[in-house]
> 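This is the structure I have questions about; it appears just below.
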Protein chains: 2
Amino acid sequence: MKRKITLKQIARELDVSISTVSKALRNSIEISEDTREKVQAFAKLYNYRPNNIALSLKNRKTKTIGVIIPEIVHHFFSKVIRGIELVANKRGYNVIVGLSNESFDKEVINMQMLANGSIDGFILSISKETLQQQDYHHFKETISQGMPIVMFDRVVNEINCDKVIIDDLKGSKNAVNKLLANGCKNVAIITTKDYVSVGKLRTQGYLEALDDYKMSPKADLILKVDDALVSEDHLASLELEIEALFKKNNAIDGVFAVNELYAIIAMKVARNLGMKIPEDIQFIGFTDGVLSKHATPSLTTVNQHGQEMGEKAAGLLIDNLERDDEEEHYQTIIIETELVERNSTK
Amino acid sequence: MKRKITLKQIARELDVSISTVSKALRNSIEISEDTREKVQAFAKLYNYRPNNIALSLKNRKTKTIGVIIPEIVHHFFSKVIRGIELVANKRGYNVIVGLSNESFDKEVINMQMLANGSIDGFILSISKETLQQQDYHHFKETISQGMPIVMFDRVVNEINCDKVIIDDLKGSKNAVNKLLANGCKNVAIITTKDYVSVGKLRTQGYLEALDDYKMSPKADLILKVDDALVSEDHLASLELEIEALFKKNNAIDGVFAVNELYAIIAMKVARNLGMKIPEDIQFIGFTDGVLSKHATPSLTTVNQHGQEMGEKAAGLLIDNLERDDEEEHYQTIIIETELVERNSTK
DNA sequence: ATTCACAGCGAAAACGTTTTCGTGTTGACA
DNA sequence: TGTCAACACGAAAACGTTTTCGCTGTGAAT
């Protein structure tokens, strides 16, 4: 087991100074061609690579970006990571991942672990618990220490930084409009409690679409699910809630759900109640994932373009890192959503 | 924007030496209680944290582990990452992620980027292209430079290192046994080309199960799909292949697929051909994911316990890193699979 | 013969830590 | 008063780079 070779060792072997070796390897004209060739040959032979950590320390940058997401076993977030990784790698950066697991504490801890020199900047999506507690001091501190942050998807106005979001309002409005245009008279929405910003916005889009069609919203048609319950195995209770929704209101002929899973489950419940999709009732879900594509019937969705979000976020961050002017001019990039029509709508 | 504070700055402000500050912060008894308190108060006030990069350089370890996987938008791999992250964090390590995207070159590049001091060890699953080319020099080099590797899922005998795998043979044999025990007389298998080691093993399990039941395999019942074609949008051709399989062999009453997607698609094709699931035909897929759970009917699967694989792999790696004896004694941990029975089987 | 330019190289600082080894000051004791 | 331990602290090296600056020697120009 031969340890990685260093400049010092090469210098000793070749009986020159460390500076000479360093310069020779970088093809400095200060060094004679003879010496250069000798050093380079030796370096290649022993497969020399500069130690990244030493470089990071010297340059005071790590060429690494930290990503903190609430959950990785999730189609949307993993697509975002793929996007981040893609442009990060292309531009010579590494990606280090932290999972908050939707917990405030883990989010804080993770950020602290990374903020001490390990990375040059953050890309993150805020955990639900943080959103609920509305405690954003860790973001502010990080930024005030000169470490840039790019937030995506779940963002918050209170923090001044680059952001990449989708137009949740417009996306859901479009979706509901589609249902209405398809002839639905009683469109229900399955959404989350309001502290999840995207849930709130998507609900608002629903309301605006109704308004466009001069329909007044009915409380009976709005189901606000407590996300905490949906943690994997409480799905059964969700089914019951949806079943109750349908039974209480048997004129429902359209459903808009703020995520894929809610929509899929709602379809299942509807089918069990004997309704035909899309003849009797039509469905649209927000967030396009594997489930939607392979469900029966396949689900019409609002595609969020997760990978593109990741790409844009990484671009924003790296641009920021590599810009030398210190002026703050934060941008918010809005990614357009796209209605992917499948078989759950007419 | 106040830059992160360093020992040197604290020392200057408090008019003591750097060593004193360092010792005071670590509560060394060398330093008088007075000074200690003064320093610690100051450090807390300015929120001092030791610079990780400097520590890494000094200690010659980064407390970071590198993970290289072929794809992240994938239920299994993201579960593995979650497992890795879980134990890594618990033991004070960070996780840096590289995606090979199933490409040999990207795998090599990624490993080189990380092997130069950025990480202490690797956890990886080999890309398909690498498996196909059977070129493993980058693994050997990495290991010979003293950087430990733990391979999971897609491993290769040729490389001597810790491994975490599942018993693909046993898992698929159990699955096919289940179908046979349920009365299936003509069980088809939908698998991959043989260079994917897991595909090969799972096929073998299928054959052994048949053998147990004194059935001889029929070439007509074995469909080997070219993975390259399944890249997202060539699914249509896969459907055609499966349809052909069913039509050529209309006695098929059981299907074992080596992954979830193949099984789901096969179910769809079967349904379109008018077969009833599970009455006329039963299905089992390898790899338990979201699709299986929410499909209609829900799919019986062989659960691989991805998260557990990740946890074990990380445990193995960190144990190795923190062990001081230099003896090599590589282990291979086998994770038991589990048959998750749902509605696609009787 | 003196100066000068220039080529070729080395010393040292810097990045931020930790740790080993000194060093100076006290107080106690003989 | 002289010796010695204990105490409190500082200097410096080390981790592996890059870069600035200075040094030496050679050949040419005056």
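Everything quoted here is computed from the prediction, not taken from an experiment.
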> Between A:Q307 and A:E311, does any side-chain donor sit less than 3.5 Å from a side-chain acceptor?
yes
> Salt bridge check: are B:K312 and B:D319 linked by an N-O gap of less than 4.0 Å?
no
> Hey, which of these two, A:E30 or A:S22, hits DNA chain D nearer its 5' end, going by closest nucleotide?
A:S22
> Using heavy-atom distances to pick each residue's nearest nucleotide on DNA chain D, tell me which of A:T6 and A:K23 is more 5'.
A:T6
> Quick one: is D:dC7 close enough that its OP1 or OP2 comes under 4.0 Å of any side-chain N or O from B:S32?
no
> Please report, rounded to the nearest Å, how far the C1' atom of C:dA14 is from the CG atom of A:L57.
9 Å
> Tell me the interatomic distance from A:N52, atom CG, to D:dT18, atom C1', rounded to whole angstroms.
14 Å
> Among C:dT17, D:dT17, C:dC9, find the nucleotide with the atom closest to the side chain of A:P50.
D:dT17
> Would one find more than 12 heavy atoms of other residues, nucleotides or ligands at under 6.0 Å from atom CD1 of B:I29?
no
> Check whether the side chains of B:N52 and A:S118 place a donor and an acceptor atom closer than 3.5 Å, and report yes or no.
yes
> Give one of base, sugar-phosphate or nothing for A:K8, where a contact means two heavy atoms less than 4.0 Å apart.
sugar-phosphate
> Could you state the atom-to-atom distance from NZ of A:K4 to P of D:dC15 in whole Å?
17 Å
> Find the distance B:I10:CD1 to C:dT18:C1' and express it as a whole number of Å.
15 Å
> Are there over 12 heavy-atom neighbours, none belonging to B:N157, within less than 6.0 Å of that residue's CG?
no
> Rounded to whole Å, how long is the line connecting atom NZ of B:K63 with atom P of C:dT17?
18 Å
> With the side chain of B:R60 defined as its heavy atoms from C-beta on, choose the nearest nucleotide among D:dG16, D:dA8, C:dT17.
D:dG16
> Describe, in one word, how the ring planes of A:F104 and A:H137 are oriented to each other, choosing from parallel (under 30°), tilted (30 to 60°) and perpendicular (over 60°).
tilted
> At 10 degrees resolution, what angle do the end axes of the helix from C:dA1-D:dT30 to C:dA30-D:dT1 form when each is taken over five base pairs?
90°
> Report the distance from atom CD1 of A:I53 to atom P of D:dT18, rounded to the nearest whole Å.
14 Å
> Looking only at the side chains, is there a donor atom on one of B:E13 and B:Q9 sitting less than 3.5 Å from an acceptor on the other?
no
> Do the side-chain N or O atoms of B:Y48 get closer than 4.0 angstrom to the phosphate oxygens (OP1, OP2) of C:dT17?
yes
> Can you measure B:I18 atom CD1 to D:dA12 atom P for me and round it to whole angstrom units?
12 Å
> For a quick test of reading the model: is some side-chain N or O of B:S19 closer than 4.0 Å to OP1 or OP2 of D:dA12?
no
> For A:T20 and for B:K58, find the nucleotide of DNA chain C with the closest heavy atom, then tell me which residue's nucleotide is more 5'.
A:T20
> Please classify the nucleic acid contact of A:L7 as base, sugar-phosphate, or nothing, using heavy-atom distances under 4.0 Å.
base
> Could you check whether B:S56 gets within reach of a base, just the sugar-phosphate, or nothing at all, counting any heavy atom under 4.0 Å?
nothing
> Whole angstroms only, please: what is the CD1-P distance between A:I31 and D:dT19?
13 Å
> Parallel, tilted or perpendicular: which describes the rings of A:Y136 and A:F139, with under 30° parallel and over 60° perpendicular?
parallel
> Using a heavy-atom cut-off of 4.0 Å across all strands, would you classify A:R36 as base, sugar-phosphate, or nothing?
nothing
> Quick one: is B:R26 getting a side-chain N or O under 4.0 Å of the C:dT17 phosphate, OP1 or OP2?
no
